[in-house]
Participant: 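My questions will all concern the structure given below.
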Amino acid sequence: MDEELIGIGAFAARARLSAKALRLYDRLGLLSPARVDEATGYRFYRPGQVERARLVALLRQLDMPLARIAEVVDADDGAVAAGRLTAYWADVESRHAARRTLAEYLRGRLSGRSSEMYGKFVVETVDVPEQVLITESRHVLADELPTWIGAALGRLEAAAAECGGAAGAPFVAYRAEVSMESDGPAEACLPVADEAAARAWAGRRGRAFETAVRVEPARRLAFTRITKAQVAHPQILAAFEAVEQWMAAEGLTPVGPCREVYFADWSAAGPEDPVCDVAFPVALPADSSAALPTGSSAALPTGSSAALPAD
């Protein structure tokens, strides 16, 4: 049996790694020697372990967490391993895109180039008709917000079937500031088709998830469209600030809580895909048929939104 094994020095040379790295991989549970001499503690490896050692080293260069490295190298076949690597790298690219957007936001703030930063956002207006909403409210801090939004919108979309079906895009309204120090509350909302059925649903639901039904009057919204990468906090604040600046320039007054309208399939969207409208309700003129400001849009997109990720 010993003829089939090689010592740690020779194995390290074949794997193009140091003995120190091999001892670390053993300690981390990623690559255990085939045998350890009880008297000397000397490690022996099989030649067939060279490929695993090299693969672990390469995956560590991607800053892959140890648990995910184990999932890749322990996969039953190459296709499964490649799929797990693909999923990890998609997460990396998404985080990188979010950090790039955050860096741009912070550069604008630190350099005092606010007007240039806000100029990247196209602000429009749209008239939205009266809507019956099923809602769920929660006091939540900024770092808890993505998880709660995903869960709350998922619950509301599941409930829509009992309320005549969804009648528009889901959105989250902020009735007070949500940050790392302030917990709102935030209100997840979904337009539905049948008010009576919605009120019956809410009656059965009780107050377990702070659910409610309300009829929101016709609104005019000032909004800007942002990508998946731009949704992350705090870079999304630039979009809110851009809309506020535009409203001030147009002489428009906000008349309700700001909101994020989710119109795309979140799970299928890439970092640069538009997924969300950041919007403020503004005062409607006495004549609701009055022309919208230049650059206005005819209608917000509608459709079901997949739950936001929990991370």
Side-chain angles (χ1 to χ4, degrees), residues 58-69 71-72 81-124 140-154 169-172 174 178-180 186 188 223-246 258-279 300-301 303-311:
L58 290 171
L59 292 172
R60 280 176 60 80
Q61 290 182 36
L62 295 177
D63 292 326
M64 182 178 284
L66 300 177
R68 297 192 74 163
I69 290 177
E71 291 176 358
V72 171
R84 290 173 180 172
L85 174 58
T86 298
Y88 167 73
W89 195 247
D91 291 342
V92 171
E93 290 185 324
S94 179
R95 291 194 299 272
H96 179 73
R99 286 194 295 267
R100 181 173 61 248
T101 305
L102 173 58
E104 292 175 359
Y105 170 72
L106 291 174
R107 275 198 299 269
R109 272 191 173 277
L110 293 171
S111 65
R113 294 183 289 105
S114 296
S115 59
E116 178 183 328
M117 177 174 64
Y118 298 151
K120 296 179 180 180
F121 296 94
V122 177
V123 182
E124 304 174 286
V140 61
L141 296 173
D143 60 343
E144 306 163 330
L145 192 60
T147 299
W148 174 76
I149 290 177
L153 293 183
F171 63 91
V172 177
Y174 296 98
V178 174
S179 65
M180 296 306 295
F223 73 96
T224 190
R225 185 152 295 177
I226 61 175
T227 66
K228 186 174 182 178
Q230 291 172 315
V231 169
H233 184 88
Q235 50 265 44
I236 195 174
L237 298 180
F240 280 106
E241 291 163 2
V243 179
E244 287 179 308
Q245 185 186 66
W246 183 88
C258 58
R259 61 192 61 192
E260 298 163 11
V261 184
Y262 290 95
F263 57 82
D265 184 340
W266 181 274
S267 61
E272 303 305 320
D273 291 333
V275 298
C276 174
D277 288 333
V278 167
L300 285 174
S304 176
S305 167
L308 291 174
D311 57 359

Participant: Distance from Ile69 atom CD1 to Asp63 atom CG, nearest 0.5 Å?
Facilitator: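 So the CD1 of Ile69 and the CG of Asp63 are separated by 9.0 Å.
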
Participant: Which pair of heavy atoms, one from Tyr262 and one from Ala169, lies closest together, and at what distance?
Facilitator: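 Heavy atoms only, the tightest pair is O-CB, 3.8 Å.
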
Participant: How far apart are the closest heavy atoms of Arg84 and Val72, and which atoms are they?
Facilitator: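 Looking at all heavy atoms of both residues, the closest pair is CB-CG2, 4.0 Å.
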
Participant: Quick one: pull up CZ in Phe240 and CZ in Arg259 and give me the separation to the nearest 0.5 Å.
Facilitator: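 It comes to 10.5 Å.
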
Participant: Between Gly270 and Lys228, which heavy-atom pair has the shortest distance, and what is it?
Facilitator: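 Where Gly270 meets Lys228 most closely, the heavy atoms are O-CB, 3.4 Å.
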
Participant: When rounded to the nearest 0.5 angstrom, what distance separates CZ in Phe171 from CG in Leu153?
Facilitator: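 The distance works out to 10.0 Å.
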
Participant: Backbone N or O of Val122 within a donor-acceptor pair of the Thr224 side chain at under 3.5 Å?
Facilitator: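 Indeed, once roles are kept as given, a pair shorter than 3.5 Å links the two residues.
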
Participant: With rounding to the nearest 0.5 angstrom, report the CG to OG1 distance, Asp91 to Thr86.
Facilitator: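 These two atoms lie 11.0 Å from each other.
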
Participant: What distance separates Gln230 CD from Phe121 CZ, expressed to the nearest 0.5 Å?
Facilitator: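 Reported value, rounded in 0.5 Å steps: 5.0 Å.
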
Participant: Considering residues at least two apart in sequence or located in another chain, which fulfil the side chain to side chain donor-acceptor pair (under 3.5 Å) criterion with Tyr174?
Facilitator: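 With sequence neighbours excluded, Tyr174 shows a side chain to side chain donor-acceptor pair (under 3.5 Å) to Glu260, given in chain and number order.
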
Participant: Does the cation-pi check pass for Arg68 over Tyr88, that is, NZ or CZ under 6.0 Å from the six-membered ring centre and within 45° of its axis?
Facilitator: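 No; the conditions do not both hold, so Arg68 does not lie above the ring face of Tyr88.
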
Participant: Would you say that Trp266 contacts Cys276 through its side chain, given a criterion of any heavy-atom pair below 4.5 Å between the two side chains?
Facilitator: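 No, every pair of side-chain atoms sits at 4.5 Å or beyond.
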
Participant: Looking only at non-hydrogen atoms, find the nearest pair between Ala242 and Val123 and report the distance.
Facilitator: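 Minimum heavy-atom contact is O-CG2, 4.1 Å.
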
Participant: Should Val92 and Leu62 count as side-chain neighbours, where that means a heavy-atom distance under 4.5 Å?
Facilitator: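 A side-chain contact is absent here, since even the closest heavy-atom pair is not under 4.5 Å.
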
Participant: Looking only at heavy atoms, which two atoms of Val278 and Val243 are closest? And how far apart?
Facilitator: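 Heavy-atom minimum between the residues: O-CG2, 3.9 Å.
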
Participant: Compare every heavy atom of Val178 with every heavy atom of Val140, then report the nearest pair and how far apart it is.
Facilitator: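 Closest heavy-atom pair between Val140 and Val178: O-CG1, 3.4 Å.
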
